[in-house]
Number of protein chains: 2
Amino acid sequence: MKILVEELSRRGHEMVVLVPETSVLIGKSDNYTTKSFRVPYTLADLKANLDNIEKNAFEKPPNLSDIVENVGNLIQFLNMQVKACEWLLYDETLMKSLRETGFDVVLTDPFLPCGTIIADSFLIPAVYFLRLIPCLLDEGATQCPSPPSFVPRFFTGFSDKMTFPQRVRNMLMTIFEAFLCRKLFAGTDELASRYLQKDTTYKELLSHGAVWLFRYDFTFEFPKPQMPNMVQIGGINCAKKGPLTKELEEFVNGSGEHGFVVFTLGSMVSQLPEAKARVFFEAFRQIPQRVLWRYTGPIPENAPKNVKLMKWLPQNDLLGHPKVKAFITHGGSHGIYEGIFNGVPMVMLPLFGDQGDNVQRLVSRGVAETLSIYDLTSEKLLVALRKVINDKSYKEKMTELSAIHRDRPIEPLDLAVFWTEFVMRHKGAAHLRPAAHELNWIQYHSLDVIGFLILILVTVIFVTVKSCMFCFRKCFKKTHKKKKE
Amino acid sequence: MKILVEELSRRGHEMVVLVPETSVLIGKSDNYTTKSFRVPYTLADLKANLDNIEKNAFEKPPNLSDIVENVGNLIQFLNMQVKACEWLLYDETLMKSLRETGFDVVLTDPFLPCGTIIADSFLIPAVYFLRLIPCLLDEGATQCPSPPSFVPRFFTGFSDKMTFPQRVRNMLMTIFEAFLCRKLFAGTDELASRYLQKDTTYKELLSHGAVWLFRYDFTFEFPKPQMPNMVQIGGINCAKKGPLTKELEEFVNGSGEHGFVVFTLGSMVSQLPEAKARVFFEAFRQIPQRVLWRYTGPIPENAPKNVKLMKWLPQNDLLGHPKVKAFITHGGSHGIYEGIFNGVPMVMLPLFGDQGDNVQRLVSRGVAETLSIYDLTSEKLLVALRKVINDKSYKEKMTELSAIHRDRPIEPLDLAVFWTEFVMRHKGAAHLRPAAHELNWIQYHSLDVIGFLILILVTVIFVTVKSCMFCFRKCFKKTHKKKKE
């Protein structure tokens, strides 16, 4: 979201960013004011929770008990956020000063609860900026139809073309998600109702969001229904680009005709279990490409010379280099878009969250290979890596996808700025709010109408049949009588 | 569509426009080539059909037999178009020359059948430019969900907020539309299958349209689900604007503080039955505003001096004049957008087609009053006219609507050009095609999956109950026996 906040600031808006004192990612900036608020947990608590979410991925294939554990971790994570939100909301000095500032809009990721509650409390519109909310709460809150017959649910790993058994599982996941939603956001519902002093749910509050900026487009996401206040800004993170440092430029240029490979597992994972790391070192030793790897773990003595380890990689700048041949990634949406933007085929190692589904979207387009990290071997990695580098179809399809992604009437950052400013200018976007929000579930799906029509049909059939039988008996009796006479 | 064709031509594309020799509206242009093709009916036949569609509107309220007649007229009109299309398709010289030209894209209004069939035959993508297709064929062919609970069907005159009886009628209309579609496009289905030598339907062909440019946006249309290849270009016709002639400028400026009223009933209706015309003259005599009226009928002797009758009006230029106070219109989508663009409150007299529904969209926003033309009196017209001119809420709401309509990240004409060129550059827009196209009706709505899950549920319940009963009986017998013993 930082890129949007900075751009809005550059265009003359005063931006205030609320940062929990234990934030992992948000730093200070010259472009906006930050206000810190206290939270009832330490940075160590937060990291322990995040580590919990990650740790399982490396060692064994996901099974049902892991899913239960992951859902448990997610609930725990959200409950921490709700606690943090509670401390913010009841920090009266801070809230009073915020309220008096007279903001025009709240920009927030609705996965986290606080922005939406504040927007409702301050009576100002909200603009959402997100990849998704688990359990499909985003589609629910926008009243966006999402037929389970061709919109694969998250954590299924399905594509948009499903077999009958897959559609059955997708439907079961849809039903499960409805239950999950209640469980996940129960704490948020309670906090919102208590703080706003009205009987409400988080979904209800979300549904008043003016505009939803979704960090996807249809080069990545499968085509699916949209609502008028859903705006696609996929690839917004690729706008900023800079030159490489001299050292990096020399390293990648020295790769000759073979080029180089970029390898990161995202901002959260910079280390690996030692045995896992060895798998990568051994594979990289056997390829002619040079490798740039974001890795802060222990380095083996005989580490191959073609590998350069770094604490941090200028990922987008590297992927934009003409000599790049492949991108090894965990499949986070940021990295994926940098790969698509620059047309780089990928080897994907999904770890957790939406990554398994993200990966499926690229594999089904023939621009990536996927491997599971828990049973990864050097051989498997080599096969996949050689495939995406040497089989030209990967590069060709990726180049095509990249061309489509970059061919747009307006840049995603400008679009995000436009809609945020639109909401500020018009105090919301009421004209984009569908009347569906005023219907309950039964009404929305016309079940009452269908029931009513079936009732009428059955009554008509019943009366007709009875009348016919009555007439038939009368006539039959008469002829019977006549015959007798 | 002309404005888009001319703009594409200005940007260097070679445009060929296929014109039936009896065209009512399409003239020659310096900006594009026209190719004429013969059709099996005269201009008089076509006009007679169009007159048939219009004539009922003036004399009596619509009733069921009129609706049947109107549907009949519509079928007749479409059948004429199918015949014309057949003559074009089987005009081998013309078709051969077209085929050899090697076009990149077909731009067509899919209400008329020929463009889509040609696109399929030439194996080139199609871009559609439309307001709507009757019987909701557009939503069907795009696989766009259109819940009848909040998406009002055409010819119902409902808004997006419906009562239960209205939702019942809307549902019945939805069912009726499915039948209507088959009837309306039966001729097209037959022609397409015969010419393309494959068993197909018009809907199937339409579903391969790359991009649909819809001449609406959500300042006019009610918010409803969209598909990724649906693009809103409402207001595209307002892009061109010129100064008024000296004579017109003098007339409207002479209206003083009271301003003036613009009155047209669209490009098709420039005359009125004499008694009807008198109603207008009498009403206009009693208002302080000047009136500009597109009217070619007989003029009464004592025609009021504040009325200027013209054969043709520069409608958009007049509506953009600061002294304009109101717009009397039949509610065609072009006029409506010129009204919205310029922020002019309206008095609406819907005649036929989509106009009744268009009107409903503006009335529900509080920016227009509607009157039925068949029982119009001078008094009714005066009341409505004075209301929209003197009650400030109409102007205020219209100004707000206009501001929202004009506040967009990209102009509709540029957007239409972008998507047409996009389709040319990428030979279609395959990435926007939802997998829903590969599902049948039962699969799309997951009815097979729901049936399967219910079957399993019933089986499980049945087996459980039977097992319990079996155990129960066994235990019961035993205790029974024991007791006996």
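Each chain gets a letter, A, B and so on, in the order its sequence line appears, and its residues count up from 1.
B:Leu432 touches chain A through backbone and side chain together, each having a heavy atom under 4.5 Å away. Both the backbone and the side chain of A:Pro225 come within contact range of chain B, judged by heavy atoms closer than 4.5 Å. Proximity to chain A (any heavy atom under 4.5 Å) is restricted, for B:Glu438, to the side chain, taken from C-beta onward. Using a 4.5 Å cut-off between heavy atoms, A:Ala429 makes no contact with chain B at all. Heavy atoms closer than 4.5 Å to chain A are found in both the backbone and the side chain of B:Asp448.
Put simply, of A:Asp217, A:Asp160, A:Val449, A:Asp407, the one with the most heavy-atom pairs under 4.5 Å next to chain B is A:Asp407. When each of B:Arg408, B:Met162, B:Gln232 is checked for heavy-atom pairs under 4.5 Å with chain A, B:Arg408 comes out on top. Here A:Gln443 is the residue among A:Gln443, A:Lys161, A:Met171, A:Met227 with the most heavy-atom pairs under 4.5 Å with chain B. Of the listed residues (B:Ser159, B:Ala403, B:Pro434), the one with the most heavy-atom contacts under 4.5 Å to chain A is B:Pro434.
Within 6.0 Å of atom CZ in A:Arg169, 12 or fewer heavy atoms from other residues, nucleotides or ligands are found, so the atom counts as exposed in its surroundings. Heavy atoms of other residues, nucleotides or ligands lying less than 6.0 angstrom from NZ of A:Lys395 number more than 12. Within a 6.0 Å radius of CD in B:Glu400, other residues, nucleotides and ligands contribute 12 heavy atoms or fewer.
Distance check, rounded to the nearest 0.5 Å: CD1 of A:Ile404 to NE2 of B:His426 gives 5.5 Å. Atom CZ in B:Phe218 sits 15.0 Å away from atom CZ in A:Arg433 (nearest 0.5 Å). In this structure, A:Phe452 CZ and B:Arg167 CZ are separated by 11.5 Å, a value rounded to the nearest 0.5 Å. Put simply, NE2 on B:His445 and NE2 on A:His445 are 11.5 Å apart, with the number rounded to the nearest 0.5 Å.
Taking each heavy atom of B:Pro409 and A:Ile410 in turn, the nearest pair found is CB-CD1, 3.6 Å. The two residues A:Pro223 and B:His431 make their nearest non-hydrogen contact at CG-O, 3.2 Å. Annotation for A:Leu453 and B:Val168: closest pair CD2-CG1, 3.9 Å, computed over non-hydrogen atoms. Of all non-hydrogen atoms in B:Phe150 and A:Leu439, the two that sit nearest each other are CB-CD1, 4.1 Å. Closest of all the heavy-atom pairs between B:Tyr444 and A:Ser149 is O-OG, 2.6 Å.
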